[in-house]
Amino acid sequence: MILVTGGTGYIGSHTCIELSRAGFEVVVLDSLANSSSDVVGRLEQLTGKPTVFYEGDVRDEALLAKIFAEREVTGVIHFAGLKSLSDSLRDPLAYYSSNVAGTVAVLKAMQVAGCRTFIFSSSATVYGAFQAMPVNEDSVCAPITAYGRTKFHVEQMLSDLQASDPAWGIVSLRYFNPVGAHESGLIGERPLGTPANLVPYLAQVAAGERSALKIYGRDYETRDGTGVRDYVHVVDLAKGHVAALQHLARSRGHLVVNLGTGRGTSVLEMVNAFERASNKKIACEFTDRRSGDVDVCVADVSRARDLLGWSAEHDVDRMCIDAWRWQSMIDA
Ligand SMILES: NC(=O)c1ccc[n+]([C@@H]2O[C@H](COP(=O)([O-])OP(=O)(O)OC[C@H]3O[C@@H](n4cnc5c(N)ncnc54)[C@H](O)[C@@H]3O)[C@@H](O)[C@H]2O)c1
């Protein structure tokens, strides 16, 4: 059985479906800090199986011990944590507590239970600015936010842990920009308040819930002056976790892997793709650059292909079609 922390969240819920499709049994632990208990029922609807769900915090050691005592957990995929770059600068202790102390608690419980298979949700934000593109996993990391540093510290901790006990099999997955939703329209990203990411914002503008998209900067050194990023469909990303788990069935160590498409899309290209998907005109307003934003951030995806046998399949049109379907369902 695979313990999925943060399993009712955006990426976690899609991963539960792909795990189930691949024949894994799943147990979910989530505090519902940034998700809803509705997702549990939707997972049951999509997988056709009951969802084993524990509501609680990953820092709750007694609860972790109970889960490991009650379930035969053979591996953990650890999504639970906080993810806003800007909030992490305002309240770093909340981020270190949730993301670093939370991970320590999960790893300690695994150690006691004798479970040594762990997949960690890391992020391309660990690379920071000024990298040669496409960026590969051996690039020097220099995260520029507290959030990015929590991810980087955890990766380093995982290397130390694996070095101390070679029985551990660990994969840190550095996600680029996850977007889109499940094609059923039943699960997707549900941002609280103003969306921090481009595609949920675009969806709300297309739905008439916001007047215009603010584009930060049009003087980047890119083909149209707007920032270029590597967007990856959340279902592809979810399948990357299954591939990582399958890799750990045959090998130990701590492997760090980028999950992206290797292709860059500018903000304006994404706006066009969303207009095509929604058949709506999206108003845009240009404003100043944000500090720390880079011109281009695109993954070198060769390690994922060579070692995990994984490549993303969906293009940005499909990402926007699925994101728009999801937006239309939540507005219905
Ligand atoms: N979405 C992205 O753009 C992105 C990019 C890179 C990395 N990541 C990482 O991937 C992981 C999942 O991201 P997501 O987009 O699905 O976020 P999400 O907020 O939708 O999911 C995280 C889930 O964890 C739960 N949670 C938060 N703190 C918890 C705690 N202390 N104990 C138990 N549950 C807790 C939340 O309720 C939520 O359901 C996070 O670790 C995030 O940092 C996300």
Side-chain angles (χ1 to χ4, degrees), residues 1-13 15-16 19 24-35 40 51-83 88 93-123 126 146-175 238 240-242 244-245 247-249 252-257:
M1 199 169 221
I2 304 301
L3 171 61
V4 181
T5 74
T8 50
Y10 173 46
I11 307 169
S13 56
T15 302
C16 287
L19 286 168
F24 292 97
E25 280 188 76
V26 171
V27 48
V28 172
L29 166 62
D30 201 300
S31 65
L32 304 179
N34 195 35
S35 54
V40 175
T51 302
V52 183
F53 176 62
Y54 290 84
E55 181 178 344
D57 197 292
V58 287
R59 289 161 293 186
D60 181 342
E61 294 180 9
L63 176 59
L64 286 168
K66 177 175 150 73
I67 296 171
F68 279 95
E70 288 180 357
R71 310 284 163 186
E72 275 196 29
V73 177
T74 53
V76 176
I77 307 185
H78 182 46
F79 294 100
L82 302 177
K83 64 168 181 177
S88 79
L93 291 183
Y95 276 70
Y96 279 89
S97 172
S98 179
N99 296 5
V100 180
T103 308
V104 172
V106 173
L107 293 167
K108 275 171 134 178
M110 292 177 68
Q111 208 163 34
V112 171
C115 173
R116 300 276 188 280
T117 294
F118 188 75
I119 296 174
F120 175 59
S121 291
S122 190
S123 167
V126 298
Y147 167 73
R149 281 185 281 276
T150 65
K151 294 292 179 187
F152 187 51
H153 289 321
V154 169
E155 285 192 11
Q156 291 178 309
M157 177 170 75
L158 293 171
S159 291
D160 287 337
L161 178 64
Q162 209 286 327
S164 76
D165 177 359
W168 280 93
I170 301 171
V171 178
S172 291
L173 296 172
R174 291 179 179 163
Y175 313 149
H241 294 74
V242 176
L245 208 48
H247 168 83
L248 290 177
R252 302 280 88 185
H254 177 204
L255 183 67
V256 177
V257 186

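Between the CE atom of Met110 and the OG1 atom of Thr103 there is a distance of 11.0 Å, given to the nearest 0.5 Å. Rounding to the nearest 0.5 Å gives a distance of 8.5 Å between CD of Gln162 and CZ of Arg252. Interatomic distance, CG of Asp57 versus OG1 of Thr5, reported as 10.5 Å (0.5 Å rounding). Distance CZ/Phe120 to CE/Met157: 7.5 Å, rounded to 0.5 Å.
Dense packing is recorded around CD of Gln156, with more than 12 heavy atoms of other residues, nucleotides or ligands lying under 6.0 Å away.
At least one donor-acceptor pair under 3.5 Å links the side chain of Asp30 to the backbone N or O of Thr8. In this structure a side-chain-to-backbone donor-acceptor pair under 3.5 Å is missing from Asn34 to Leu82. With Ser97 contributing its side chain and Leu93 its backbone, the two residues share no donor-acceptor pair below 3.5 Å. Between the side chain of Ser172 and the main chain of Ser122, no donor-acceptor pair closer than 3.5 Å is present.
Below 30°, between 30° and 60°, or above 60°: for Tyr96 and His153 the angle between ring planes is between 30° and 60°, a tilted geometry. Aromatic ring orientation, Tyr147 versus Tyr95: perpendicular (interplanar angle above 60°, classes split at 30° and 60°).
Screening Ile77, Ile2, Ile170 for a side chain to side chain contact (heavy atoms under 4.5 Å, CB included) involving Ile119 leaves a single residue, Ile77.
Here the two rings, on His241 and Phe24, have centers that are 6.0 Å apart or farther.
Applying the salt bridge (Lys or Arg N to Asp or Glu O under 4.0 Å) criterion to Arg116, with sequence neighbours excluded, gives Asp165.
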